[in-house]
Q: 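First the structure, then my questions, so here it is.
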Amino acid sequence: EEGFTIEGTEVGLVNVIGKVQTVERAATKTTYQIEDSTGSIDVIQWVEEGSTEQEHYEDTFIRVVGSIRTQGEKKHIMAFRILEVPTAEERDFHALQVAYSHLKLKQLNAKMGGEMDHSGLSNSMMGGGLGGTNFGGASMSSSASFGNKNYDTVYNLIKQNTDDQGINLTALMNEVKGKMSKQEMDGAIDFLSSEGHIYSTIDDEHFKTTDSD
């Protein structure tokens, strides 16, 4: 299967904001078609029995964190997490991140001939538009350093956990006790989730990293 690249850099995880055009609900999955003014793409979210995943509707804006998949000649996003985007400010900020990341990748490619250091980029953003072979807010985790020791600690503890369902927040709190408060841990969880580095599994109390094996 052909990989997905932006400015010559392979991207596995994407972070996209778009407007919901259509919604198709089935027993085991929901398919959203989203558009971000540069093009459109289908987003597939699998639904487990008894799941309490938030539903999203046509003409609303959503942030999708997921991986690029190809079926036939058509690409789609397999969603790990979908969040509502209620404000224009958040959408505008995302667009700026995308533009900055695209420019930074071009500069790094030109300067370093492909041996790139992504440290100058936002922690997760590798951007484009939905049209053509690029699309909005593509993201990938190039390292476990987020410029914040609490974020780094929480991410690494989640990544090191080998349970299929991920680490429980109670167990995580026991691990970080003495290093940070519960409020600081919750802030790290919120950041890592919204940036697409971790996702909830069986419930809102268990988390895995999105690049887990």
Q: Are Val64 and Met78 connected into the same hydrophobic cluster when the rule is that any two of I, L, V, M, F, W, Y join if their side-chain heavy atoms are below 4.5 Å apart?
A: no

Q: Can you list the residues that meet the side-chain hydrogen bond (donor to acceptor under 3.5 Å, both in side chains) rule with Lys182, with sequence neighbours excluded?
A: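 Counting only residues at least two positions away or on another chain, Lys182 forms a side-chain hydrogen bond (donor to acceptor under 3.5 Å, both in side chains) with Asp186.
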
Q: Could you check whether any side-chain N or O of Glu35 sits under 3.5 Å from a backbone N or O of Ser37, counting only pairs where one atom can act as donor and the other as acceptor?
A: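 Yes, the answer is positive, given that a donor and an acceptor are paired below the 3.5 Å cut-off.
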
Q: How about Glu24: does its CD atom have over 12 heavy atoms from other parts shown lying under 6.0 Å from it?
A: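 No, CD of Glu24 has 12 or fewer neighbouring heavy atoms, counting only those of other groups under 6.0 Å.
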
Q: Does a side-chain heavy-atom distance below 4.5 Å link Thr153 with Met180?
A: yes

Q: Report yes if the side chains of Leu83 and Ile62 come closer than 4.5 Å at any heavy-atom pair, otherwise no.
A: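 Side-chain contact under 4.5 Å: no.
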
Q: Can Gln33 and Val20 be said to form a side-chain contact (heavy atoms from CB on, under 4.5 Å), step by step?
A: CA-CA 6 Å; Gln33 185 182 74; Val20 177; over 6 Å; no

Q: Apply the test side-chain contact (heavy atoms from CB on, under 4.5 Å) to residues Val65 and Val14: give CA-CA distance (whole Å), side-chain angles for both, the deciding distance (0.1 Å), then the verdict.
A: CA-CA 6 Å; Val65 178; Val14 297; over 6 Å; no

Q: Search all heavy atoms of Gly18 against all heavy atoms of Asp36 and return the closest pair with its distance.
A: CA-CB, 4.3 Å

Q: Please name the pair of heavy atoms, one in His76 and one in Ile44, separated by the smallest distance, quoted to 0.1 Å.
A: CD2-CD1, 3.7 Å

Q: Measuring only between side-chain heavy atoms, which start at C-beta, is Lys75 closer than 4.5 Å to Arg69?
A: no

Q: When you compare the side chain of Asp42 with that of Ile77, does any pair of heavy atoms fall below 4.5 Å?
A: no

Q: Just how far is it from atom CE of Met185 to atom NZ of Lys177, taken to the nearest 0.5 Å?
A: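 With rounding to 0.5 Å, CE (Met185) is 10.5 Å from NZ (Lys177).
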
Q: In the single-linkage hydrophobic clustering (I, L, V, M, F, W, Y; side-chain heavy atoms under 4.5 Å), do Leu103 and Leu96 co-cluster?
A: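 Cluster IDs for Leu103 and Leu96 differ.
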
Q: Calculate, to the nearest 0.5 Å, the distance between atoms NZ and CH2 belonging to Lys29 and Trp46 respectively.
A: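 The distance works out to 5.0 Å.
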
Q: Evaluate side-chain contact (heavy atoms from CB on, under 4.5 Å) for Gln97 paired with Phe93, printing each intermediate quantity in order.
A: CA-CA 6 Å; Gln97 285 183 308; Phe93 180 67; 3.4 Å; yes

Q: What is the distance from atom CG of Asn150 to atom OG of Ser181, rounded to the nearest 0.5 Å?
A: 7.5 Å

Q: Using the six-membered ring of Tyr57, assess whether NZ or CZ of Arg25 lies under 6.0 Å from its centre and within 45 degrees of the ring axis.
A: yes

Q: Should the heavy atoms of other residues, nucleotides or ligands under 6.0 Å from CG of Asp190 be counted, would the total exceed 12?
A: yes

Q: Are Phe191 and Met173 linked, directly or through other ILVMFWY residues, by side chains that come within less than 4.5 angstrom of each other?
A: yes

Q: Distance check, rounded to the nearest 0.5 Å: Asn168 atom CG versus His206 atom NE2?
A: 4.0 Å

Q: With side chains defined as the heavy atoms from C-beta onward, is the minimum distance between Tyr155 and His197 less than 4.5 Å?
A: yes

Q: Using 0.5 Å steps for rounding, measure from the CD atom of Gln160 to the CD1 atom of Ile167.
A: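 Reported to 0.5 Å precision, the distance equals 9.0 Å.
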
Q: Rounded to the nearest 0.5 Å, how far does NZ of Lys179 lie from CD of Glu184?
A: 13.0 Å

Q: Less than 4.5 Å apart, side chain to side chain, heavy atoms only: is that true for Gln54 and Ile82?
A: no

Q: Start with the C-alpha gap between Ile189 and Phe207, add the side-chain angles, then the distance that decides, and say whether side-chain contact (heavy atoms from CB on, under 4.5 Å) holds.
A: CA-CA 9 Å; Ile189 292 289; Phe207 286 87; 3.8 Å; yes

Q: Could you tell me which residues satisfy side-chain hydrogen bond (donor to acceptor under 3.5 Å, both in side chains) with Glu90, sequence neighbours excluded, listed by chain and number?
A: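 side-chain hydrogen bond (donor to acceptor under 3.5 Å, both in side chains) list for Glu90, sorted by chain: Arg63.
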
Q: Indicate yes or no: at least one non-hydrogen side-chain atom of Tyr32 is less than 4.5 angstrom from one of Gln21.
A: no

Q: Below 4.5 Å, heavy atoms only, C-beta onward: do Asn161 and Ile158 meet side chain to side chain?
A: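 Heavy-atom side-chain distance check fails, nothing below 4.5 Å.
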
Q: How close do Lys208 and Gly166 get, heavy atom to heavy atom, and via which atoms?
A: CG-CA, 3.3 Å

